[in-house]
Amino acid sequence: MTLKMNRRGFLNTAMATGTLTFLGAAGLRAQEGGTLRFGLSAYPPSFDMWASTGTAAGTVKLMIHRGLTSYDPQGVLRGELAESWEVDDAGVWTFKLRDATFHDGKPVTSADVKYTIEKVGAEDSTAFRRAQMASITNIETPDEKTIKLTTAEPIAVVPDWFAHYHMPILQEGSEATSTVGAGPFKFDSLERGVSVKVTAYDGYYKEGEPKVDGIEAIVYSDENLRVAALEAGDVDIIEYVPWAAMERIEENDALTLNTVPGPFMYLTFNGTKAPFDNPLVRKAIGHAIKREDVVAAAFYNHGAPLSHLPLDESSSFYNEDLADGWDYDPEKAKALLAEAGYPDGFSCTMLSTAQYGMHQSTAEVAQAYLMMIGINVTLDLPDWSTRVQKGNEGQYDIAVMGTSADMNDPDGLTTIMDGSAKPSFVRSFGIEVPAVTEALNKGRVTFEQAERKKIYHDMEAAAIEQSPCVFLCSRAQGYAMASTVTGFSNLPGQLTFYSGVTLEETAKG
């Protein structure tokens with residue numbers, strides 16, 4: 001018989017401890033009228049538009065900037081700055097730009113696209129999409145509205161690369177921190193650590209959008225204060241609805257809750273330090289944690305255990321034979337530790353954050369279960385910005401991470417699984433598994449579906465065996481808003497964090 005423990009019961013039993021950090025602007029009111037007030041979960045760690053700095057920062061980027069493509073509310077790829085694209089038999093992609101302007105009135109041209117790709121793909125670039133842009137071997141701009149991209153090999157997912165909110169097109173010659181975009185809103189002002197204001201851009205290329213005069217993104221780092229601000233009417237919409245509050249919001253007729261499954265929690269490792277350079281140790285950790293208790297403790301059962309790669313059962317790439325790759329088996333975990341030379345376990349530090357309850361609770365569950373196999377874990381729970389910095393710099397032993405894939409195709413896992421890329425807090429530090437990297441590269445250049453399925457099956461098998469990271473559970477991801485707010489969509493599956501793109505369609509009602 002399997003016992004299902006609730007959140008309170010688990011945390012009391014485990015006796016895990018943590019310190020909650022309060023940041024933000026509780027109770028701060030924005031102006032009324034045509035301004036939509038958006039409750040952000042964190043202040044953007046930086047305004048580097050091409051860097052990976054979290055979803056809250058991505059939402060702000062989506063207010064100001066646009067890429068060549070994006071996704072519609074149903075998750076279907078659509079054109080943005082590009083109105084059309086096609087690929088020829090040689091694998092050369094041609095994008096045609098629409099008539100769009102930046103906020104200073106200058107037209108968006110192929111020169112801006114070329115500049116963006118070259119800057120992101122430069123050798124010294126720290127951009128999130130550097131590896132993808134660096135794989136573009138030739139850029140042609142036959143006219144101001146046409147750009148042709150040649151890659152070393154034909155690549156099937158090039159249009160998806162340009163849909164990511166960390167891949168906006170910036171003006172030729174501008175810095176990565178430029179807030180002059182081609183999106184629906186113009187940057188207005190900021191109060192560091194507290195809020196960011198944007199106003200509607202009347203030259204936006206979509207007629208009748210945006211629907212509001214402006215947005216004030218107000219930071220409520222503490223999730224309980226964020227919910228309280230929505231309930232009190234201090235904000236119109238919030239991101240990262242805490243799972244403990246979901247039922248309460250659903251029962252409130254004045255509010256609307258919009259959730260989708262897709263994002264996931266996982267553990268990353270610092271492969272430059274023993275014993276995490278040993279795949280046996282990493283795999284042991286994968287078998288040591290009872291995932292049902294992560295779902296109960298961190299998400300109030302609004303999620304599901306995940307002991308394989310985050311490929312949903314509905315996906316054609318789901319591999320049933322690998323579904324229990326990291327099944328809960330403490331005896332197997334102990335045997336793997338002994339085989340790796342650590343029969344008595346070891347001590348280490350686990351990086352997480354107290355700013356998001358799901359991160360802290362996941363860390364507390366993992367800490368308790370790892371202690372049961374002899375791994376003594378000390379938690380490090382800084383604010384989110386510090387957690388991002390430590391992750392990028394490898395200042396940890398094990399780390400808790402939560403995110404979604406870049407898209408619903410398995411290639412969207414590249415940023416998490418490809419250890420050959422430059423360091424990023426979203427993936428393990430200093431761990432490269434050639435079989436995984438090679439499979440990702442091969443799948444990307446393969447257009448035939450059956451062959452791609454076999455490639456990604458082999459990738460998942462290698463990932464489970466080598467455990468460059470260990471997945472724990474999927475979670476429901478929610479936005480909540482006043483019932484009078486219309487037009488905002490929570491994009492499906494792995495695309496939920498792209499939902500800020502629909503702020504152009506959002507109205508206060």
Side-chain angles (χ1 to χ4, degrees), residues 30-41 55-56 58-67 69-81 83 98 100 103 163 165 168 181-188 195-218 220 226-227 229-231 233-241 246 249-250 252-262 404 476-509:
Q31 61 184 349
E32 300 292 336
T35 297
L36 182 79
R37 299 159 301 174
F38 192 106
L40 278 182
S41 59
T55 309
T59 298
V60 174
K61 294 176 188 180
L62 287 169
M63 297 175 191
I64 300 170
H65 290 285
R66 283 293 177 266
T69 57
S70 74
Y71 297 97
D72 71 13
Q74 289 72 47
V76 177
L77 191 71
R78 69 182 183 189
E80 288 295 343
L81 298 180
E83 63 181 3
R98 70 173 73 250
H103 297 157
Y165 48 79
F185 297 95
K186 298 172 61 174
F187 176 79
D188 184 321
S195 65
V196 177
K197 292 182 180 180
V198 297
T199 57
Y201 175 46
D202 58 11
Y204 189 48
Y205 53 83
K206 294 183 183 179
E207 187 175 354
E209 295 180 2
K211 301 292 189 182
V212 294
D213 297 332
I215 298 176
E216 182 172 12
I218 309 168
Y220 294 86
R226 194 159 62 250
V227 172
L230 178 65
E231 292 173 326
D234 293 339
V235 294
D236 304 299
I237 183 171
I238 63 171
E239 63 173 2
Y240 272 100
V241 178
M246 285 186 176
I249 290 172
E250 284 183 311
N252 188 334
D253 292 339
L255 303 177
T256 299
L257 177 67
N258 190 333
T259 65
V260 297
S404 66
Q477 192 71 31
Y479 292 84
M481 62 208 78
S483 296
T484 54
V485 171
T486 60
F488 184 86
S489 299
N490 192 353
L491 270 58
Q494 304 300 327
L495 300 177
T496 179
F497 295 141
Y498 293 73
S499 299
V501 74
T502 67
L503 287 169
E504 65 186 21
E505 305 170 41
T506 305
K508 292 186 66 172

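These figures come from a predicted structure and were not determined experimentally. Below, all heavy atoms of this structure are taken into account, side chains as well, without hydrogens, waters or symmetry copies.
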Show your reasoning for whether side chain to side chain contact (heavy atoms under 4.5 Å, CB included) applies to Phe497 and Gln477.
CA-CA 9 Å; Phe497 295 141; Gln477 192 71 31; 3.7 Å; yes
Evaluation steps, side chain to side chain contact (heavy atoms under 4.5 Å, CB included), between Ile215 and Thr506:
CA-CA 10 Å; Ile215 298 176; Thr506 305; over 6 Å; no
Salt bridge (charged side-chain N to carboxylate O under 4.0 Å, His left out) with Lys206: which of Glu505, Glu80, Glu83?
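Among the candidates, only Glu80 passes.
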Using side chain to side chain contact (heavy atoms under 4.5 Å, CB included), reason through Thr496 and Tyr479 one step at a time and then give a plain yes or no.
CA-CA 10 Å; Thr496 179; Tyr479 292 84; 4.1 Å; yes
Report the distance from atom [atom1] of [X] to atom [atom2] of [Y], rounding to the nearest 0.5 Å.
X: Glu209; Y: Leu503; atom1: CD; atom2: CG; value: 11.0 Å
X: Ile237; Y: Leu255; atom1: CD1; atom2: CG; value: 11.5 Å
X: Tyr498; Y: Asn490; atom1: OH; atom2: CG; value: 14.0 Å
X: Arg226; Y: Asp234; atom1: CZ; atom2: CG; value: 14.0 Å
X: Asp236; Y: Met481; atom1: CG; atom2: CE; value: 10.5 Å

So [Y] and [X], do their side chains get closer than 4.5 Å, heavy atoms only?
X: Val60; Y: Leu40; answer: yes
X: Ser70; Y: Arg78; answer: yes
X: Arg66; Y: Pro184; answer: yes
X: Tyr220; Y: Ile238; answer: no
X: Tyr165; Y: Thr59; answer: no
X: Phe38; Y: Val235; answer: no
X: Met63; Y: Lys61; answer: no
X: Val485; Y: Thr256; answer: no

Donor-acceptor contact below 3.5 Å, side chain [X] vs main chain [Y]:
X: His103; Y: Tyr204; answer: no
X: Ser499; Y: Leu491; answer: yes
X: Ser195; Y: Ile218; answer: no

Mind running side chain to side chain contact (heavy atoms under 4.5 Å, CB included) on Thr35 and Lys197 for me, showing each step along the way?
CA-CA 9 Å; Thr35 297; Lys197 292 182 180 180; over 6 Å; no
Testing the basics here: between [X] and [Y], what is the closest heavy-atom pair and its distance to 0.1 Å?
X: Ala480; Y: Leu257; result: CB-CD1, 4.3 Å
X: Pro210; Y: Phe185; result: CB-CZ, 3.4 Å
X: Val198; Y: Ile64; result: CG1-CG1, 4.1 Å
X: Ala163; Y: Leu77; result: CB-CD1, 3.9 Å
X: Ser404; Y: Gln494; result: OG-O, 2.8 Å
X: Thr502; Y: Phe488; result: OG1-CD1, 3.4 Å

Glu239 vs Ser41, test: side chain to side chain donor-acceptor pair (under 3.5 Å). Steps then yes/no.
CA-CA 7 Å; Glu239 63 173 2; Ser41 59; 2.7 Å; yes
